[in-house]
Amino acid sequence: DLASGKLLADIVALLSKHGVRYRVLYQDDYLYPKYMERFFSRYSALVSVWEAGCMLNSATERTKKINVLYGAGKYLTLVRPTRGIYDLVLSFGEPDAALAGLISRTQVVGNPKFDDWFNGTVDEAQVRGIREKCDPHKKTLLYLPTHSDLSSVDMLADQLVDLSNRFNVIVKAHYYLTHEEPDRVAKLTRGNVLMYDDASDLLPLLKVADVVLSDNSSAIFDAMLAGLRSRQIPKAFAAYRGDCG
């Protein structure tokens, strides 16, 4: 359908932008076992976030499977039984390695998404591009909402639009928001709000932010890792963190 076609086009565009080599496996290809076997025969390992799709297909039974973690602070998901399909789990640190290690072999690798942050190699051209869209005389609020029934968009959209007259308000949408919840995106794409989709790099946005507003999302842990803290600014900037504490 149109939605899945756009999503595929967006993924291909992102991979191409960063010079990543790729091959596309279509859903209809799963109907042809021999083709699936040929497709995966050249790969010695598969890397995935979830146990889905080709990771559970008979064509990949003999292929090594590696898991990378999806977001920080999701400890309950680390001991799900299905994680046992992996030969190796790449963990952020010792706490999640200990939990994942109950089911699979683990290796602590840190949080690769933040390599550029701690190495001082965040794309400065992107940072400048964001700053150019902001008023340098205003504080900057970065809103990182999650999706579905855990999202705070419906509750905060009007207030954020109002705040965009007094502060730089930047929104980076969750990928589900971008592709599955256009009505919520429309609520935020008003006033002077600056909207970035799921393909945008989070690190340059964190570089320009004074405070991060989030909800039931692991994005709040990204903000903490980046060293962002609450500041002496209006209460409207108080972080809404849901059950994250």
If we ignore hydrogens and angles and just use 3.5 Å, is the side chain of [X] paired with the main-chain N or O of [Y] as donor and acceptor?
{"X": "N168", "Y": "K138", "result": "yes"}
{"X": "S217", "Y": "P145", "result": "no"}
{"X": "S200", "Y": "D197", "result": "yes"}
{"X": "R83", "Y": "T77", "result": "yes"}
{"X": "D29", "Y": "L25", "result": "no"}
{"X": "N67", "Y": "S48", "result": "yes"}
{"X": "D201", "Y": "P204", "result": "no"}
{"X": "R166", "Y": "L163", "result": "no"}

Let me see the working for I170 and L205 under side chain to side chain contact (heavy atoms under 4.5 Å, CB included), right down to the final yes or no. CA-CA 8 Å; I170 301 175; L205 295 172; 3.9 Å; yes
Over all atoms of both residues, closest heavy-atom pair of [X] and [Y]:
{"X": "L88", "Y": "S104", "answer": "N-OG, 3.8 Å"}
{"X": "I66", "Y": "Y86", "answer": "C-CD2, 3.7 Å"}
{"X": "L69", "Y": "L90", "answer": "CG-O, 3.5 Å"}
{"X": "R184", "Y": "S148", "answer": "NH1-O, 2.8 Å"}
{"X": "V108", "Y": "A97", "answer": "CG2-CB, 3.8 Å"}
{"X": "C54", "Y": "L46", "answer": "SG-CD1, 4.3 Å"}

[atom2] on [Y] to [atom1] on [X], rounded to 0.5 Å:
{"X": "F40", "Y": "Y35", "atom1": "CZ", "atom2": "OH", "answer": "9.0 Å"}
{"X": "Y196", "Y": "L142", "atom1": "OH", "atom2": "CG", "answer": "10.0 Å"}
{"X": "M195", "Y": "T189", "atom1": "CE", "atom2": "OG1", "answer": "3.5 Å"}
{"X": "I85", "Y": "E61", "atom1": "CD1", "atom2": "CD", "answer": "11.5 Å"}
{"X": "N192", "Y": "L160", "atom1": "CG", "atom2": "CG", "answer": "12.5 Å"}
{"X": "K113", "Y": "L203", "atom1": "NZ", "atom2": "CG", "answer": "7.5 Å"}

Would you say [X] and [Y] make side-chain contact, with heavy atoms under 4.5 Å?
{"X": "Q107", "Y": "V89", "value": "no"}
{"X": "L156", "Y": "L213", "value": "yes"}
{"X": "R42", "Y": "R23", "value": "yes"}

Taking NZ, NE, NH1 and NH2 as the nitrogens, is one of them in [X] or [Y] under 4.0 Å from a carboxylate oxygen of the other?
{"X": "D87", "Y": "R105", "result": "no"}
{"X": "D198", "Y": "K172", "result": "no"}
{"X": "E51", "Y": "K65", "result": "no"}
{"X": "K187", "Y": "D183", "result": "no"}
{"X": "D96", "Y": "K74", "result": "no"}

Run the side chain to side chain contact (heavy atoms under 4.5 Å, CB included) test on L78 and S91 for me, step by step, so that the C-alpha distance in whole Å, both residues' side-chain angles and the decisive distance to 0.1 Å come before the verdict. CA-CA 10 Å; L78 293 176; S91 302; over 6 Å; no
Just checking, any donor-acceptor pair under 3.5 angstrom between side chains of Y175 and E180?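 No, no side-chain donor-acceptor contact under 3.5 Å.
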Does either side chain, that of T146 or that of D215, offer a donor lying less than 3.5 Å from an acceptor on the other one?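 Per modelled atom types, T146 and D215 side chains form no pair under 3.5 Å.
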Joint cluster assignment, [X] & [Y], ILVMFWY side-chain distance < 4.5 Å:
{"X": "F167", "Y": "V153", "result": "yes"}
{"X": "Y176", "Y": "V49", "result": "yes"}
{"X": "V171", "Y": "V161", "result": "yes"}
{"X": "L225", "Y": "V127", "result": "yes"}
{"X": "M55", "Y": "V47", "result": "no"}

With a sphere of 6.0 Å drawn around OH of Y30, does it hold more than 12 non-hydrogen atoms of other residues, nucleotides or ligands?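 More than 12 heavy atoms, drawn from other residues, nucleotides or ligands, come within 6.0 Å of this atom.
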Can you confirm whether more than 12 heavy atoms, excluding those of R62, are under 6.0 Å from its CZ atom?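 Not more than 12 within 6.0 Å, no.
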List the steps, then state whether side chain to side chain contact (heavy atoms under 4.5 Å, CB included) holds for L206 with V212. CA-CA 8 Å; L206 290 174; V212 172; 3.9 Å; yes
List the steps and the verdict of side chain to side chain donor-acceptor pair (under 3.5 Å) for S152 and Y143. CA-CA 10 Å; S152 57; Y143 180 43; 2.6 Å; yes
For the side-chain contact (heavy atoms from CB on, under 4.5 Å) test, which of L14, L15, L8, D10 pairs with V12?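 It is L8; the other options fail the test.
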Report the C-alpha distance between T121 and D116 in whole Å, list the side-chain angles of each, state the deciding distance to 0.1 Å, and finish with yes or no for side chain to side chain donor-acceptor pair (under 3.5 Å). CA-CA 5 Å; T121 54; D116 284 340; 2.8 Å; yes
Using the side chain to side chain contact (heavy atoms under 4.5 Å, CB included) rule, take H174 and E181 through it: C-alpha gap first, then chi angles, then the decisive distance, then the call. CA-CA 10 Å; H174 187 281; E181 302 179 0; over 6 Å; no
